Amino acid sequence: VSDSNFSLLVFITFSVRSQDIRNTVGNIPMEWYKDYPHIGYDLEGKKIFKPIRNKDELDEFLDKMENPDYWRTVQDKMTGADIRLSDEQVDLVHRLQQGKFGDVNFNEYEPAIDFFSNEVMIHPVTNRPQDKRSFIPSLIEKEKVGKLVHAIKMGWIKPRRPKETTPQYYDLWAKEDPNSILGRHKMHVPAPKMKLPGHEESYNPPPEYLLSEEERLAWEQQDPEYRKLSFLPQKFACLRAVPAYSRFIHERFERCLDLYLCPRQRKMRVNVNPEDLIPKLPKPKDLQPFPTTQSLVYRGHSSLVRSISVSPSGQWLVSGSDDCTVRFWEVSTARCLKTVEVGGAVKGVAWNPNPSICLVAVSYDDTVVLLNPGLGDRLVCTATDQLISSYEEPEEVMDQSVQWAVAEGEGHEQGHRLILKHPKTVRQVTWHGKGDYLACVMPDNGSSLQVVIHQVSKRRTQNPFRKNKGLVQCVSFHPIRPYFFVATQRYVRVYNLIKQELTKKLMANCKWISSMAIHPGGDNVICGSYDCRLAWFDLDLSTKPYKVLRHHKKALRSVAYHRHYPLFASGSDDGSVIVCHGMVYNDLLQNPLIVPVKVLKGHTITHDLGVLDVTFHPTQPWVFSSGADGTVRLFT
Amino acid sequence: MSQVQARFFTENKKYLIDDVPFSIPAASEVADLSGVINKLLEAKNGQDLQDFLKVIFQKLCGIYYLETWDKTEVVEIEYVEKFTAPQPEECIMHDDWISSVEADSEWILTGSYDKTARIWSMEGKAVMTVAGHTDVVKDVAWVKRSFSHSLLLTASLDQTIMLWEWNSERNKVEARHCCRGHAGSVDTVAVDPTRTKFCSGSWDKMLKIWSAVPTVEEDEIEEPNRPRKKQKTEQMGLTRTPLMTFSGHNEAVSSVLWMDAEELCSASWDHTIRLWDAETGEQKSTLTGSKVFNSISYSPLCRRLASGSTDRHVRLWDPRSKDGSLVLLSLTSHNGWVTAVRWSPSHEHQLVSGSLDNVVKLWDTRSCKAPLYDLAAHEDKILCVDWTENGLILSGGADNKLYTYRYSTCVSDAGA
């Protein structure tokens, strides 16, 4: 123990000694003796009095002013005596106040000596020899390891489980079926709302809500279930006069019943993106072949070309124009091989679809001329001439509205064979697929003679309709079955020629049909109209259009189907031909697929007229169009 | 300016240069490249050879795409001698559209829409008019050329083919045979390499083989009841019937040719090219395209078929290939239907094509992106082209004009 500790001890003993003498009260708070003149008792049981302190404030002050040791005088609370601190004691107080050790000489930062370090000393702290167990293998551990190895071998424990890198959380909703939650949210049915009280519930309803005497009687006689009101409206002079509502419990009960029995059903509202409802159409690129570019221009006509037709072999093209000529063209070179003059602006031309007959029907004014162009197989041409010349006059002469005449002289040289004089202007001619029957349209409103069917081999003319409703626009034969299509301004009527009855009436939903074409399969019809629409009818589906296309900007003049390829085309006054892919499936459940594939432009618009006729090549995916600019164009 | 590493190579030993890559500007034109090669050749061969080697080099494969090349790669550029551009020689006016042309070293034979065929000298002088058909002459062919007596064929829209004998000394033409049997316009005829047979293709979908040897006997006519026709045959030549008929096409036959003495090739509107055995009439193989074929041509030098169809492309086919892609190359530059194609008889890479866009194009199959030359002389549709052994290109069309062009391959080319 150092010197400083010793001095502290001395100090303590000094203070304890003085206390020992005086303190006889024990370790109690000294303020308990505050109001007493004494502190404790001596051995004789007499009070030990405090030193008399009768210093008042003034004395205190004077003392403070005069006594130079006042600042080092403290009162001993044990005895109540004043003690003047010595210099050492003041010093000690100062040091303690500064938080230093009381002893001046005590060095608190002496270097520490590490006795028990990790270094192995030459001379160990203890001289105990090592245990035996510290150098022989532990049997217990060996047993434990053996068990583990065995367990690993047997596959009971996995040697090293892969560390799970993903942090694991407790998924509160893991076990719950998400659909059920969603379903619960979805299936929330709000409680039925109560009807708000109306005027009749008022304590002072307007007089019109109050029931009259008869009404009241009627109400009373009514079954409570059928009553419109479950109570009688009553009038009270003031709110104070309103009595307690007698039906309250009853109504609450009914309300509970309502809530309990309210239907737990929900109307499903389907949220659908309108884009998804549009059917996915294949790309035009995948629907080839179809005509894409203009390849040839057949120039030669000096006026608008109203009608064109292709020979069944596909080698020749015939065009009829307002310049009173019919021209025959070689399809592959656009060479005009023949020009036949007729007596008027040509309204329609039609090549006989039978490949063994070489005849072209040409209509101008009120005349239909059957031309033998002399193109194609010589044998066929001569056979056709023979067929016409071999006609024998029947014994009984029938009264016919159309006069048949055989062309002679110059006309015969040019190829005219038969001339049919009609009573009215013929607008359209069309052949039956077999090539013997020829239908002509003479539009005339209200007349009974608008459509006539000629039989070329017998030179007979029939008027199939006793009465025509409306203005006939165009007619067409069914390609396979004995049906006849008649298009009036708004309707297409399908007649069965054998049963002689109306089979179907198609409603075109347009103002004025201009043209019509029958699908080679015979179950689909397209109609072009002057109000820019093209309507596709599926005869098996309905009498309304299956699809209406409004691609053209101006009136449609002509529509056509391809004989083999799933194509159809429409020509319009806006000078364009629109080619569409129109696939018809054998499967009755599958609707036709209609995809517009190409807009073909080439014709210049003259006198507000663009394309007047379109027709397809019989074997190639090529489309011909004739226009008001006097040209015929081939698109391939 | 970016640079491209290029290595030049040629197959012509005479103009070999060192096989080292050169750095050339990417924007080089053909003229720049030929300048480079000429400089190299001059340096290699020394000054004294300079005049002798004034060779200009011409269009190179892929030259137009030099700028798009990867700059780190070495571009392989083949250079060939430049051929001088075809020089227009004659413009022979006809009365009507020219449907077909065939020339040999001395005479040009043309078929026209005015129902006649004409023989012209190389200078464009009308020598002979062969009239006798009642309709448009669609195709013509020389059968045999000798000093005085020549045989020629004309096929017409009137369904007949006529075999004519032309005596050039007396300048008289005589119809020897009238070949009847087709039931449609005869659009094409081709004479076999032995010059004893010919084949015709018609709109009636048939191919017929006929003898091309003139005889004095008339073939037996199957239908004897033709009293009126009998008179005509007196002046129209003796009637001849086909030796063989090949049917198989589903549409009109547009072009027919002999690949060799035993093998026939026909192109049709049914989008196929068919190869036939001429002896047995057996169909050997079919090449199927997607468009109507207008014309085909075969080059024995490169064993390729070239076809012109009703689109803008000239296609090259390998008739021997059994599988894989049949179309080897598409030459695309025309703007209309390709109506006529013809291989060069002397050069294995060159062919000429005529189109409805009024342009005749001369192609080198090594540069398929662009033609070597555009011969834009015609004012209307081109319907036929031909190329003779002695380097004459002919083209005829709907403007009634037959143009001839002199196109000489270099003398050195033959030696190489």
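All figures in this text were calculated on a predicted structure; none of them were measured in a lab. Just so we're on the same page: letters track the sequence lines, and every chain starts at 1. In what follows, every heavy atom counts, from backbone to side chain, and hydrogens, waters and symmetry copies are set aside.
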**Prompt:** Is atom NZ of B/Lys205 surrounded by more than 12 heavy atoms (other residues, nucleotides or ligands) closer than 6.0 Å?
**Reply:** no

**Prompt:** Can the ring centres of A/Tyr565 and A/Trp622 be said to be less than 6.0 Å apart?
**Reply:** no

**Prompt:** chain A heavy atoms under 4.5 Å from B/Asp135: which part of the residue, side chain, backbone, both or neither?
**Reply:** side chain

**Item:** Between B/Trp269 and B/Ser254, a side-chain donor and acceptor under 3.5 Å
**Value:** no

**Item:** A/Thr293, part contacting chain B, at a heavy-atom distance under 4.5 Å
**Value:** neither

**Fill in**
Under 4.5 Å to a heavy atom of chain A? For B/Trp203 that would be side chain

**Prompt:** Where on A/Gln288 is there a heavy atom nearer than 4.5 Å to chain B: the side chain, the backbone, both, or neither?
**Reply:** neither

**Pairs involving residues 594-605 of chain A, ordered by first then second residue, that meet salt bridge (charged side-chain N to carboxylate O under 4.0 Å, His left out) (sequence neighbours left out)** = none

**Message:** Heavy-atom pairs under 4.5 Å with chain B - which of A/Leu375, A/Leu296, A/Leu337 has more of them than the others?
**Reply:** A/Leu296

**Request:** Validate the cation-pi geometry between A/Arg335 and B/Trp97: distance from NZ or CZ to the six-membered ring centre under 6.0 Å, angle to the ring axis within 45°.
**Result:** yes

**Request:** Apply ring-ring contact (aromatic ring centres under 6.0 Å, His included) to the pair A/His562 and A/Phe568, showing each step before the final yes or no.
**Result:** CA-CA 6 Å; A/His562 197 283; A/Phe568 64 93; over 10 Å; no

**Request:** Please look at A/Thr333 and chain B and tell me whether the side chain, the backbone, both or neither of the residue comes under 4.5 angstrom of a heavy atom of that chain.
**Result:** both

**Message:** Hydrogens and angles aside, do B/His182 and B/Thr160 bring a side-chain donor and acceptor to less than 3.5 Å of each other?
**Reply:** no

**Message:** Taking side chain as everything from C-beta outward and backbone as N, CA, C, O, which of these in B/Asp380 sits under 4.5 Å from a heavy atom of chain A? Side chain, backbone, both or neither.
**Reply:** neither

**Request:** Heavy atoms only, distances under 4.5 angstrom: which of B/Leu157, B/Asp204, B/Asp270, B/Leu383 has the most pairs with chain A? Name it, please.
**Result:** B/Leu157

**Asked** Side chain, backbone, both or neither: which part of A/Ser332 has a heavy atom under 4.5 Å from chain B?
**Response** both

**Message:** Heavy-atom cut-off 4.5 Å, strictly under: side chain, backbone, both or neither for A/Gln315 against chain B?
**Reply:** both

